[in-house]
Amino acid sequence: MRSLPGAVGVLLVLNGAAGLAHEASGRYGAWSLVHRVAGPLEGMEIFANLVLIVLGVAVCAGAGRIRGPG
């Protein structure tokens with residue numbers, strides 16, 4: 001059961017990092033999650049990407065604490 005939350009956490013961290021790389025350089029295309037839902041996040045893209053990274057780290061840390069059955 002730890003693999004799914006861990007994978008989600010890694011995807012969140014990578015997505016946030018890719019969004020920050022796009023904001024900093026303007027390269028890499030706008031394929032990150034924050035740019036897909038840009039309407040309500042207009043002007044707060046950097047903050048939203050940082051939140052994604054922190055959330056991903058928290059999910060990964062929590063995934064390590066999940067106990068399996070038995």
Side-chain angles (χ1 to χ4, degrees):
M1 289 302 288
R2 290 191 292 200
S3 61
L4 181 62
V8 170
V10 168
L11 287 175
L12 287 172
V13 169
L14 290 177
N15 213 326
L20 284 178
H22 172 71
E23 289 296 324
S25 68
R27 296 183 186 177
Y28 310 114
W31 57 266
S32 70
L33 181 66
V34 171
H35 292 95
R36 297 282 179 188
V37 291
L41 299 173
E42 190 69 35
M44 298 188 302
E45 290 92 357
I46 294 174
F47 177 72
N49 285 314
L50 288 173
V51 168
L52 275 180
I53 292 172
V54 170
L55 183 63
V57 169
V59 168
C60 285
R65 310 242 334 143
I66 296 175
R67 292 187 186 165

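Excluded from the calculations below are hydrogen atoms, water molecules and symmetry mates; all remaining heavy atoms, backbone and side chain alike, are included.
- Grouping Ile, Leu, Val, Met, Phe, Trp and Tyr residues whose side-chain heavy atoms lie under 4.5 Å apart, directly or via other members, places L20 in a hydrophobic cluster with I46, L50, I53.
- By the 4.5 Å side-chain criterion applied to Ile, Leu, Val, Met, Phe, Trp and Tyr, V13 is assigned to a cluster that also includes V57.
- Residues V34 and M44 fall within the same hydrophobic cluster, defined by Ile, Leu, Val, Met, Phe, Trp and Tyr side chains chained together at heavy-atom separations under 4.5 Å.
- Counting all heavy atoms, side chain and backbone alike, V10 lies closest to C60 at N-SG, 3.6 Å.
- Hydrophobic cluster membership for F47: V51 (Ile, Leu, Val, Met, Phe, Trp, Tyr linked by side-chain heavy atoms under 4.5 Å, directly or transitively).
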